[in-house]
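For reference, the structure discussed in these notes is given below.
First listed ligand is number 1; within each ligand, the first listed atom is number 1. FYI, side chains are in, hydrogens and waters are out, and symmetry mates aren't considered; it's all heavy atoms of this structure.
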Amino acid sequence: MIIIALDVPSAEEARRLVSSLGETADFYKVGLELYAAAGMDFVRELKGQGKRVFLDLKLYDIGEQVKRAVATISTSGADFLTIHAVKQVMQAAVAGRGSSLELMAVTVLTSFDEQDVRDDGSAFTLAELVEKRVGHAIEAGVNGIVCSSLEVARVRAMTGPKMKLVIPGVRSAGKSAADQKRIATPAEAVANGADYLVVGRQVTRAEDPRGELLKILDEIQTLSTK
Ligand code: C5P
């Protein structure tokens, strides 16, 4: 299942993309940029059109704030919400979660590499840090994990089939990797156990977004029938 990242600065641009993708896409990610421009009104607008919404706010705050924010977000009908995979944050989010909202814990941003993790003061390697946070996410009872395509197989082995794995940072072979450091192709990520792929610029900046999305869907389909 593909989630299209609406990384655009206004509701008008987001609407244009949603309408150009039509029935081809039914799950959208609203991240910080669009949230800052159009807020929860736009989330409700998408829900009103029957779309599913992944609200990517990557919450990280004291427990009481996280719990109350998650409880409020739950009332919007948003389907997925991201929080950082830190024990206290996840426990608070689980306490605030309403019945239909699913919490996705972000382990380590896909733009981080080994050096970034070290510079941040971690005594662990990147892989160890991801593993530790996945363990905490399982204990906290969140619904899924956001991780890099290069970690998905290992994370799947830890979580078993029940958790949803969301993978950003995928690019079809031959496409520019932009600022993503840990990337794979969509087909590789699915083969390694991803449930949801987050695809942004490859589709949203394409001359023909719908055509580009259809190509990716075809790549994945080809792999699964091999
Ligand atoms: O690179 P692309 O435009 O496909 O990014 C789609 C989404 O993946 C972004 O909205 C961002 O949240 C996420 N991403 C990420 N790490 C990166 C680049 C993008 O998690 N290095």
Side-chain angles (χ1 to χ4, degrees), residues 1-11 13-14 16-18 20-21 24-25 27-38 42-43 46 51-60 78-85 103-117 119-120 126 129-130 133-134 137 144-152 155 164-190 192 194-217 219-220:
M1 162 85 73
I2 292 191
I3 303 174
I4 300 293
L6 290 172
D7 294 331
V8 292
S10 69
E13 278 189 56
R16 263 201 298 278
L17 270 167
V18 171
S20 73
L21 291 169
T24 318
F27 208 153
Y28 286 98
K29 180 166 92 77
V30 174
L32 291 176
E33 183 187 14
L34 182 57
Y35 181 76
F42 191 72
V43 170
L46 282 173
K51 304 295 184 189
R52 298 179 75 198
V53 178
F54 174 14
L55 190 52
D56 189 16
L57 298 184
K58 298 189 179 73
L59 299 184
Y60 184 88
D79 299 277
F80 289 0
L81 170 71
T82 49
I83 52 173
H84 280 274
L103 296 168
M104 302 293 151
V106 177
T107 54
V108 177
L109 296 176
T110 61
S111 58
F112 274 38
D113 62 16
E114 212 64 69
Q115 187 61 44
D116 294 315
V117 168
D119 286 350
D120 206 31
L126 200 157
L129 192 56
V130 168
R133 290 183 176 170
V134 170
I145 307 269
V146 181
C147 63
S148 126
S149 53
L150 302 186
E151 286 134 16
V152 62
V155 172
K164 294 179 177 165
L165 302 189
V166 181
I167 315 300
V170 288
R171 246 345 147 273
S172 295
K175 299 282 175 182
S176 149
D179 56 355
Q180 309 247 9
K181 290 184 179 170
R182 290 178 289 142
I183 57 169
T185 67
E188 282 164 353
V190 170
N192 286 332
D195 297 298
Y196 295 88
L197 304 178
V198 179
V199 178
R201 290 163 288 187
Q202 185 183 337
V203 166
T204 58
R205 306 234 176 128
E207 257 177 49
D208 171 16
R210 185 171 171 276
E212 192 68 26
L213 176 55
L214 286 170
K215 260 192 260 171
I216 298 176
L217 291 168
E219 273 170 48
I220 297 170

Taking 4.0 angstrom as the limit and counting only heavy atoms of [X], give me the atoms of ligand 1 inside it, by number and element.
{"X": "G200", "result": "2 (P), 3 (O), 4 (O), 6 (C)"}
{"X": "V198", "result": "7 (C)"}
{"X": "D7", "result": "9 (C), 10 (O)"}
{"X": "R201", "result": "1 (O), 2 (P), 3 (O), 4 (O)"}
{"X": "P168", "result": "8 (O), 13 (C), 20 (O)"}
{"X": "A5", "result": "6 (C), 10 (O)"}

For this session: Applying side chain to side chain contact (heavy atoms under 4.5 Å, CB included), name anything that partners Y35, two or more places apart in sequence or on another chain.
Result: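 Expected list: V30, M40, L55, L57.
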
Problem set entry | Whether T110 side chain and P168 backbone form a donor-acceptor pair below 3.5 Å | no

Exercise. So, does D195 use its side chain to make a donor-acceptor pair with the main chain of L165 at under 3.5 Å?
Worked result: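 Checked: pair present.
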
Whether [X] lies under 4.0 Å from ligand 1, heavy atom:
{"X": "D56", "value": "yes"}
{"X": "K29", "value": "yes"}
{"X": "R205", "value": "no"}

Problem set entry | Near-ring test Y196/F54, centroid separation under 6.0 angstrom | no

Problem set entry | Residue list, ring-ring contact (aromatic ring centres under 6.0 Å, His included) with Y28, at least two apart or on another chain |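 Partners of Y28 under the ring-ring contact (aromatic ring centres under 6.0 Å, His included) test: none.
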
For this session: Measure across I4 and A25 and return the closest heavy-atom pair with its distance rounded to 0.1 Å.
Result: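 Minimum heavy-atom separation between I4 and A25: CG1-CB, 4.0 Å.
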
Exercise. Are a donor atom and an acceptor atom from the side chains of E219 and T185 found within less than 3.5 Å of each other?
Worked result: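 No pair is found: no donor N or O on one side chain lies under 3.5 Å from an acceptor on the other.
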
